[in-house]
Amino acid sequence: MADTTPAHDESYYAEEKKMLASKPYLGMDPYLSKLRLEARQKVAELAKTRDDTDAFNKAIHNLLGTVGDEKAIIESPVHFDYGRNTHVGKRFYMNTMCTILDCARVDIGDDVLMGPHVQIYTAEHPTDPVVRLEGLESARPIKIGNNVWIGGGAIILAGITIGNNVTVGAGAVVTKDVPNNV
């Protein structure tokens, strides 16, 4: 099947490149809006295939940037801004109602369990109201190590690194890096 995607010059992808480089970008950029629509469609496909193991695994691989194995489980409903900027390791489990705003890369290690309503936010907006009206936003990557349990309702903010063998308590707001074995 021939690719029917119209050819675009490099400027079409400029805001995505800025976003992934943690530079200020225009979130309402047409290309970024298209990618978010595609992510919503992929999340809808994920929900439809939950009872068909092969189709479900295919939908997870289609949604996310990389997946460590065929044992990943994502319980619907969930939300991803892009999906493709999220990379999960082996035996990943995400409970229902989770949100990952993956405007920057999100790396999640092996054996990570996420309770319901976990929120992972790489996106940031200016706190200056005048600057915020310009429409610029930014994003910083998040890294979650191996063997991490993130309790229900926890929020992980932009730029955070969570080490290996960590438990993040239910309802926690993670504003600083968390070392290993905490």
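Since the structure is predicted, the reported quantities are computational estimates derived from the model, not experimental observations.
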* Asked: Do V43 and H79 pass the side chain to side chain contact (heavy atoms under 4.5 Å, CB included) test, and can you show the C-alpha distance, the side-chain angles, and the key distance before you say yes or no?
  -> CA-CA 7 Å; V43 165; H79 175 80; over 6 Å; no
* To do: Using the side chain to side chain contact (heavy atoms under 4.5 Å, CB included) rule, take Y82 and E16 through it: C-alpha gap first, then chi angles, then the decisive distance, then the call.
  => CA-CA 11 Å; Y82 299 95; E16 181 191 33; over 6 Å; no
Nearest 0.5 Å please: distance from the [atom1] atom of [X] over to the [atom2] atom of [Y].
X    : Y    : atom1 : atom2 : answer
L113 : I108 : CG    : CD1   : 11.5 Å
E15  : M28  : CD    : CE    : 11.5 Å
D69  : H61  : CG    : NE2   : 7.5 Å
I155 : I160 : CD1   : CD1   : 12.5 Å
I162 : I156 : CD1   : CD1   : 3.5 Å
I144 : T161 : CD1   : OG1   : 9.5 Å

Verify, without hydrogens or angle tests, whether [X] (side chain) and [Y] (backbone) share a donor-acceptor contact under 3.5 angstrom.
X    : Y    : answer
S22  : A139 : yes
R132 : P126 : yes
S138 : K23  : no
N180 : G163 : no

Are any of the side-chain heavy atoms of [X] and [Y] separated by less than 4.5 Å?
X    : Y    : result
K34  : L37  : no
F80  : N85  : no
M114 : Y93  : no
R105 : K143 : no
P141 : V106 : no

* Begin with the C-alpha distance, continue with both residues' side-chain angles, and end with the deciding distance and a verdict on side chain to side chain contact (heavy atoms under 4.5 Å, CB included) for E134 and L26. => CA-CA 9 Å; E134 295 173 12; L26 293 170; over 6 Å; no
Search all heavy atoms of [X] against all heavy atoms of [Y] and return the closest pair with its distance.
X    : Y    : result
G145 : V112 : O-CG2, 3.3 Å
G27  : L32  : O-CB, 4.1 Å
V166 : P179 : CG2-O, 3.3 Å
V78  : N95  : CG1-O, 4.1 Å
A104 : R140 : CB-C, 3.4 Å
A72  : N57  : O-OD1, 4.1 Å

Under 4.5 Å between side-chain heavy atoms, counting indirect links through other Ile/Leu/Val/Met/Phe/Trp/Tyr residues: same cluster for [X] and [Y] or not?
X    : Y    : value
L35  : Y25  : yes
L20  : Y13  : yes
M97  : M94  : no
I150 : V182 : yes

* Determine, for K17 against E10, whether the closest basic-nitrogen to carboxylate-oxygen distance falls under 4.0 angstrom. =>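 Looking at E10 together with K17, the answer is yes, because their closest N to O distance falls below 4.0 Å.
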* To do: Determine, step by step, whether L157 and V174 satisfy the side chain to side chain contact (heavy atoms under 4.5 Å, CB included) criterion, reporting the C-alpha distance in whole Å, the side-chain angles of both residues, the deciding distance to 0.1 Å, and the verdict.
  => CA-CA 6 Å; L157 298 181; V174 184; over 6 Å; no
* To do: Indicate the ring-plane relationship of Y12 and Y31, choosing parallel, tilted or perpendicular according to the 30° and 60° boundaries.
  => tilted
* To do: Would you indicate whether K42, at its atom NZ, is surrounded by more than 12 heavy atoms from other residues, nucleotides or ligands within a distance under 6.0 Å?
  => yes
* Asked: Looking at N164, N165, D111, which hits side chain to side chain donor-acceptor pair (under 3.5 Å) with N147?
  -> N165
* Structure fact -> Per side-chain contact (heavy atoms from CB on, under 4.5 Å), L64 is matched among T66, N62, V67 by V67
